[in-house]
Amino acid sequence: MQVERIKFERTGGFAGIRIATDLKLDDLPDEQAHTISELLDDLDFRELPASLVKEEGMADQFTYTITVETKKWQHTVITGDVSAPEKLQELLQLLNRLARTPKRQ
Amino acid sequence: MHQRHPINCIVPPHVLKNIATKGTTAQKELAIETLKRSEQMRGQRQALAEFATAAFRVAVGGKERILYDAKNGSSLPGTVVRKEGEPPTADVAVNEAYDGSGYTYDLYNNIYQRNSIDGNGMRLDSTVHYRVGYDNAFWDGEQMVYGDGDENLPPSERIFNRFTIAVDVMGHELTHGVTQYEAGLTYSQQPGALNESMSDVFGSLVKQYKLQQIAGEADWLIGQGLLSENVKGIALRSMKAPGTAYDDPVLGKDPQPAHMKDYVNTVSDNGGVHINSGIPNHAFYVVATELGGFAWEKAGQIWYVTLKDKLKANSNFQNCGDLTYQAAGEIFGAGSIEQQAVQKGWAEVGITVGSTTPPPPDTGGGGCLEALLRLLGAAPAKGS
């Protein structure tokens with residue numbers, strides 16, 4: 001699949017600080033764009049359920065919302081920390097960093 | 001031929017719970033695994049809470065801590081690195097989590113006569129070095145988990161230090177366990193913000209207890225030291241002045257309100273549980289400073305009794321105000337200065353409690369003693 005855009009939002013956590021980013025894959029360095037595309041392929045992202053949240057009884061977990069857009073479809077997945085599959089955790093970590101780092105001067 | 005273990009067959013949950021509580025070690029483990037997997041148990045933390053004491057954590061009758069290292073992975077609990085009574089290790093996060101959960105145990109045990117999270121000696125399990133670049137700490141329903149902040153970023157980009165750096169974080173997380181076993185406050189909207197506030201209140205009290213500070217000396221900050229030197233801020237939250245802990249180009253401004261008129265309606269963060277907690281947090285701060293002295297003694301006692309005996313899963317801020325007012329009356333007497341302080345604390349955040357004029361202070365002693373004497377027929381009934 002040819003991913004064009006990813007929207008990412010992280011809320012909650014001990015600090016309760018929201019971070020978010022809206023990325024066009026074309027704007028990213030090739031290597032980063034490639035890694036993201038590969039992770040999404042491995043995950044079969046489009047087939048993931050809309051909600052992976054199973055954090056009942058937990059406190060201070062992050063909640064992540066990821067929306068992936070291609071020319072043909074758009075799919076949004078909401079997940080917690082513990083409930084995210086390992087591959088998705090890799091993607092979350094990457095997006096998390098991208099959402100934060102470019103802004104500080 | 002493959003043999004199925006009887007516990008893995010269809011066994012009713014109540015039977016599994018019995019096995020989890022009373023069976024042999026191997027049986028317990030199997031029963032617990034099965035219960036955890038079963039659909040019936042999903043989301044029923046109270047059911048989990050009922051048997052967790054005896055099964056998961058053998059009651060040991062005292063302080064029992066185990067520290068685990070996730071070694072930057074996501075498997076919990078990880079590898080055991082320090083047990084109760086063992087000397088400090090070379091790992092600062094391990095020692096901070098060990099000491100922090102110890103101070104928290106001591107506050108609950110020495111001041112509120114509560115033996116651990118469940119009141120029955122539950123072992124305190126903590127995992128440090130969870131994942132890579134994990135800027136968070138959480139309670140997973142069974143144990144405390146701490147990340148290292150932004151250790152994977154270049155120093156100039158770091159926002160968070162390790163999450164064990166502030167002792168109130170351990171008090172906060174462990175109190176989520178206490179709340180789970182007591183009020184069971186739903187983690188959403190106002191009940192969720194109360195859940196968060198209780199964790200901040202007792203987290204701050206743990207810090208004050210450790211430092212033996214009176215209310216006027218305490219900083220009333222949550223997560224002091226957690227923000228790196230790159231950030232314009234002193235902590236993550238301020239109970240004294242919600243909304244002022246940080247104001248930074250990357251993090252934004254501390255969004256906590258200190259008054260109901262500024263209550264934040266949002267779907268994020270389970271309905272703003274870490275945001276609107278500023279309101280009950282500030283009410284507690286006002287009560288504690290109004291009363292002076294060690295905050296854990298009077299204000300803390302009122303809040304603890306409210307958490308343990310009065311709040312329900314769906315209680316809102318108004319309920320909490322009313323119930324702390326009630327608790328203050330029961331512990332210190334109707335119209336006592338303690339009850340008046342509670343009234344003032346909630347009034348400052350825009351919540352009216354005890355709106356009817358309180359009766360004049362009793363002249364013949366405190367509420368508990370008087371109530372007991374009344375029960376024994378040795379004191380006249382109220383209003384007679």
Side-chain angles (χ1 to χ4, degrees), chain A residues 7-22 32 35-36 39 43 49-67 76-105, chain B residues 42-46 48-49 74 76 130-142 145 150 152-154 156-157 159-160 163 169 172-173 176-177 179-180 187 192 195-196 199 222-223 226-227 230 236-237 246 248-252 254-256 266-270 272-275 277:
Chain A
K7 285 189 269 186
F8 168 79
E9 183 190 48
R10 189 188 80 182
T11 62
F14 183 91
I17 293 168
R18 174 187 179 273
I19 61 168
T21 191
D22 187 343
Q32 233 163 25
T35 307
I36 289 174
L39 281 169
L43 275 165
S51 176
L52 286 164
V53 178
K54 277 189 249 163
E55 326 296 312
E56 188 73 30
M58 302 192 180
D60 298 328
Q61 286 267 302
F62 288 128
T63 302
Y64 305 90
T65 306
I66 313 120
T67 301
T76 299
V77 172
I78 300 176
T79 182
D81 268 314
V82 173
S83 59
E86 201 61 41
K87 281 278 176 197
L88 186 54
Q89 288 179 15
E90 276 181 53
L91 178 70
L92 293 172
Q93 199 177 322
L94 215 158
L95 292 172
N96 186 33
R97 186 166 176 183
L98 286 170
R100 277 187 25 181
T101 46
K103 295 178 208 157
R104 186 172 290 282
Q105 299 303 313
Chain B
R42 200 164 291 158
Q44 294 183 24
R45 63 176 172 174
Q46 196 47 51
L48 189 67
S74 58
L76 292 173
Y130 180 71
R131 295 192 184 170
V132 175
Y134 190 72
D135 44 4
N136 198 17
F138 65 90
W139 165 256
D140 84 342
E142 297 171 15
V145 184
D150 302 324
N152 60 328
L153 295 182
S156 64
E157 289 180 25
I159 292 176
F160 292 102
F163 270 68
V169 177
H172 178 108
E173 296 309 332
H176 278 309
T179 299
Q180 177 180 317
Y187 205 64
N195 190 325
E196 274 303 312
S199 278
I222 301 299
L226 254 176
L227 295 173
N230 301 319
L236 294 177
R237 289 184 280 278
Y246 58 87
D248 179 81
V250 172
L251 284 187
D254 174 1
Q256 282 214 311
T266 174
V267 290
S268 287
D269 185 25
N270 296 295
V273 297
H274 294 88
I275 298 173
S277 54

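Quantities reported herein were computed from a predicted structural model and do not represent experimental measurements. Order of the sequence lines sets the chain letters (A, B, ...), proteins ahead of strands, with each chain counted from 1.
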- Identify the residues of residues 9-18 of chain A whose heavy atoms come closer than 4.5 Å to a heavy atom of chain B, ordered by number, or report 'none'. A/Glu9, A/Arg10, A/Thr11, A/Gly12, A/Gly13, A/Phe14, A/Ala15, A/Gly16, A/Ile17

Where on [X] is there a heavy atom nearer than 4.5 Å to chain A: the side chain, the backbone, both, or neither?
X        : value
B/Glu196 : side chain
B/Val169 : both
B/Asp135 : both
B/Val132 : both

- Query: Does some side-chain heavy atom of B/Val250 sit less than 4.5 Å from a side-chain heavy atom of A/Ile19?
  - Reply: no

- Mind listing the closest non-hydrogen atom pair of A/Arg97 and B/Pro154 along with its distance? NH2-CD, 3.9 Å

- Message: Within the 3.5 Å criterion, strictly below it, is a donor on B/Tyr187 or A/Asp60 matched to an acceptor on the partner's side chain?
- Response: yes

- Item | side chain to side chain contact (heavy atoms under 4.5 Å, CB included) between B/Asp269 and A/Phe62, worked out | CA-CA 8 Å; B/Asp269 185 25; A/Phe62 288 128; over 6 Å; no

- What do the steps show when you test A/Met58 against B/Gln180 for side chain to side chain contact (heavy atoms under 4.5 Å, CB included), and what is the final call? CA-CA 9 Å; A/Met58 302 192 180; B/Gln180 177 180 317; over 6 Å; no

- Evaluation steps, side chain to side chain donor-acceptor pair (under 3.5 Å), between A/Gln93 and B/Arg131: CA-CA 10 Å; A/Gln93 199 177 322; B/Arg131 295 192 184 170; over 6 Å; no

